[in-house]
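One structure below.
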Amino acid sequence: TAKQLFPETDPDPNLIKNVQLFAFPDSCAMESKSFITFIIGDTHCDFQIGYALYNNALSARCILSNYYYPNLFESLLNLPDDALLTEVEALSKSEARKSVQIKKNVFYLDGGRQKQQLLKLVFDTFDPFDISKIIIAMIQARHIFCVSSSASVCCKFAAALPILIEPFCWDMNTIPILPLKLKDVCQVPVPTLIGLTRPEVLLEGRVAPHIIVNSDLRLVIDN
């Protein structure tokens with residue numbers, strides 16, 4: 001079940017169903033205190049980014065936002081209930097900010113630091129030849145599958161890869177972690193960036209030309 005704590009209005013039933021589906025994509029890939037991100041809605045127009053921090057594989061707290069600042073939201077979700085609701089209420093007000101302070105930590109809202117961390121993760125994991133294969137595949141608008149046995153790691157790579165082609169933009173669908181109930185999405189003909197904790201689902205049907213970015217094996221496989 002999912003319960004909406006803020007705002008204190010009647011929740012949208014469809015939104016609750018989507019949160020239940022995407023916030024718990026694969027319980028076997030969740031470790032204690034796992035932190036994942038997911039996307040709800042149309043990534044071209046109206047969408048929100050979900051942040052979920054787990055107490056265990058079946059219990060989590062979640063925030064939906066229009067902005068990608070995972071370090072900030074992970075710090076928020078670690079707050080006690082009362083402090084969390086107070087901070088969320090303050091941040092939901094329309095106000096121009098360059099930074100947010102949570103306890104003694106200051107989080108700058110320029111996006112630059114986040115991009116640096118994500119790119120460092122990619123370049124520390126793969127060699128230049130494999131990175132070039134990722135860039136070429138993204139520019140060619142092929143299917144990209146990010147594979148990791150850890151859901152939290154999978155989300156980071158799904159967020160990092162589009163940064164590699166800037167100033168171009170990955171304008172296709174993005175699913176940081178594909179829920180196991182929606183595994184048939186791997187077969188759709190539309191190019192999609194998908195995070196997988198179970199790569200064996202790619203063997204269950206015909207998949208269009210794609211690359212597999214496997215962070216566990218530190219390999220990029222061109223299929």
Side-chain angles (χ1 to χ4, degrees), residues 1-41 43 46-118 120-121 148-160 174-181 195 197:
T1 61
K3 181 180 179 182
Q4 179 174 303
L5 300 179
F6 181 87
E8 295 180 352
T9 56
D10 292 334
D12 179 351
N14 290 326
L15 182 64
I16 293 296
K17 289 180 181 178
N18 281 327
V19 168
Q20 288 173 316
L21 181 62
F22 284 92
F24 296 94
D26 180 6
S27 60
C28 293
M30 302 301 174
E31 303 164 346
S32 177
K33 290 297 181 182
S34 284
F35 176 73
I36 71 165
T37 59
F38 55 93
I39 295 174
I40 293 179
T43 54
D46 182 24
F47 71 96
Q48 287 185 299
I49 302 171
Y51 303 88
L53 180 65
Y54 292 78
N55 296 318
N56 54 58
L58 299 175
S59 174
R61 304 163 88 188
C62 178
I63 291 178
L64 298 180
S65 173
N66 295 327
Y67 304 100
Y68 185 75
Y69 292 107
N71 292 344
L72 166 61
F73 287 103
E74 184 175 10
S75 181
L76 278 171
L77 288 167
N78 272 299
L79 294 173
D81 288 348
D82 291 345
L84 172 61
L85 289 174
T86 300
E87 290 287 352
V88 168
E89 186 173 4
L91 290 173
S92 65
K93 297 176 181 177
S94 298
E95 178 184 334
R97 300 179 180 85
K98 293 184 178 180
S99 64
V100 173
Q101 182 169 340
I102 306 296
K103 292 186 175 180
K104 295 182 179 180
N105 298 320
V106 177
F107 299 91
Y108 295 95
L109 307 180
D110 57 5
R113 291 169 178 81
Q114 195 67 52
K115 288 183 178 180
Q116 288 177 347
Q117 292 175 7
L118 292 172
K120 184 178 187 303
L121 177 65
S148 175
S149 57
S150 167
S152 56
V153 172
C154 197
C155 290
K156 291 179 181 178
F157 278 96
T174 300
I175 305 175
I177 300 185
L178 184 68
L180 294 180
K181 293 181 180 179
T197 53

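Computed from a predicted structure; not experimentally measured. Start at 1 with the first residue, then count along the sequence.
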Exercise: identify the closest heavy-atom pair between Arg97 and Ala90 = NH2-O, 2.8 Å
More than 12 foreign heavy atoms under 6.0 Å from CG of Asp10: is that the case here?
-> no
Would you find a donor on one side and an acceptor on the other, under 3.5 Å apart, between the side chain of Ser59 and the backbone of Asn56?
-> no
Residues Leu15, Leu64; criterion side-chain contact (heavy atoms from CB on, under 4.5 Å); working and verdict | CA-CA 10 Å; Leu15 182 64; Leu64 298 180; 3.8 Å; yes
Could you walk me through whether Glu74 and Asn78 pass the side-chain contact (heavy atoms from CB on, under 4.5 Å) check?
-> CA-CA 6 Å; Glu74 184 175 10; Asn78 272 299; 4.0 Å; yes
Short side-chain to backbone donor-acceptor contact, Arg61 and Leu77, under 3.5 Å | yes
Closest approach of Tyr51 and Thr37, non-hydrogen atoms and distance?
-> CD2-CG2, 3.6 Å
Please determine which of Asn66, Ile63, Ile39 meets the side-chain contact (heavy atoms from CB on, under 4.5 Å) test together with Gln48.
-> Asn66
Mind checking the CZ-CG spacing from Phe24 to Leu180? Nearest 0.5 Å is all I need.
-> 14.0 Å
Give the minimum heavy-atom separation between Ile175 and Phe22, together with the two atoms involved.
-> CG2-CE2, 4.2 Å
Side chains of Asp12 and Gln4: does their closest heavy-atom pair fall under 4.5 Å?
-> no
Met30 side, atom CE; Ser152 side, atom OG - distance, nearest 0.5 Å | 8.5 Å
How long is the span from the CG atom in Leu53 to the CG atom in Asn55, to the nearest 0.5 Å?
-> 7.0 Å
Of all the heavy-atom pairs spanning Thr1 and Gln20, show the shortest one and how long it is.
-> CA-NE2, 3.3 Å
Only one of Asn14, Asn18, Ile49 passes side-chain contact (heavy atoms from CB on, under 4.5 Å) with Ile40, and that residue is Asn18
Taking it one step at a time, do Glu87 and Leu76 satisfy side-chain contact (heavy atoms from CB on, under 4.5 Å)?
-> CA-CA 8 Å; Glu87 290 287 352; Leu76 278 171; 3.6 Å; yes
So NZ of Lys156 and CZ of Phe35: to nearest 0.5 Å the spacing works out to 9.0 Å
So do the side chains of Ser75 and Phe107 get within less than 4.5 Å of each other, counting heavy atoms only?
-> yes
More than 12 foreign heavy atoms under 6.0 Å from CZ of Phe6: is that the case here?
-> yes
Considering all heavy atoms, the nearest Tyr69-Gly111 contact | CE2-N, 3.8 Å
Does CD in Glu8 sit with more than 12 non-hydrogen atoms of other residues, nucleotides or ligands closer than 6.0 Å?
-> no
Calculate, to the nearest 0.5 Å, the distance between atoms CG and CD belonging to Leu72 and Gln101 respectively.
-> 12.0 Å
Begin from the C-alpha positions of Val100 and Leu109 and carry the test side-chain contact (heavy atoms from CB on, under 4.5 Å) through to its verdict.
-> CA-CA 8 Å; Val100 173; Leu109 307 180; 3.9 Å; yes
Do you see a donor-acceptor pair shorter than 3.5 Å between the side chains of Thr197 and Asp26?
-> yes
More than 12 foreign heavy atoms under 6.0 Å from OH of Tyr108: is that the case here?
-> no
How far apart are the closest heavy atoms of Cys155 and Ile36, and which atoms are they?
-> SG-CB, 3.6 Å
Going by the side-chain contact (heavy atoms from CB on, under 4.5 Å) test, name the single residue among Pro176, Ser148, Pro25, Ser149 that passes it with Cys154.
-> Ser148
Should Phe38 and Ile177 count as side-chain neighbours, where that means a heavy-atom distance under 4.5 Å?
-> no
Donor-acceptor contact present, side-chain Glu89 to main-chain Leu91, <3.5 Å = no
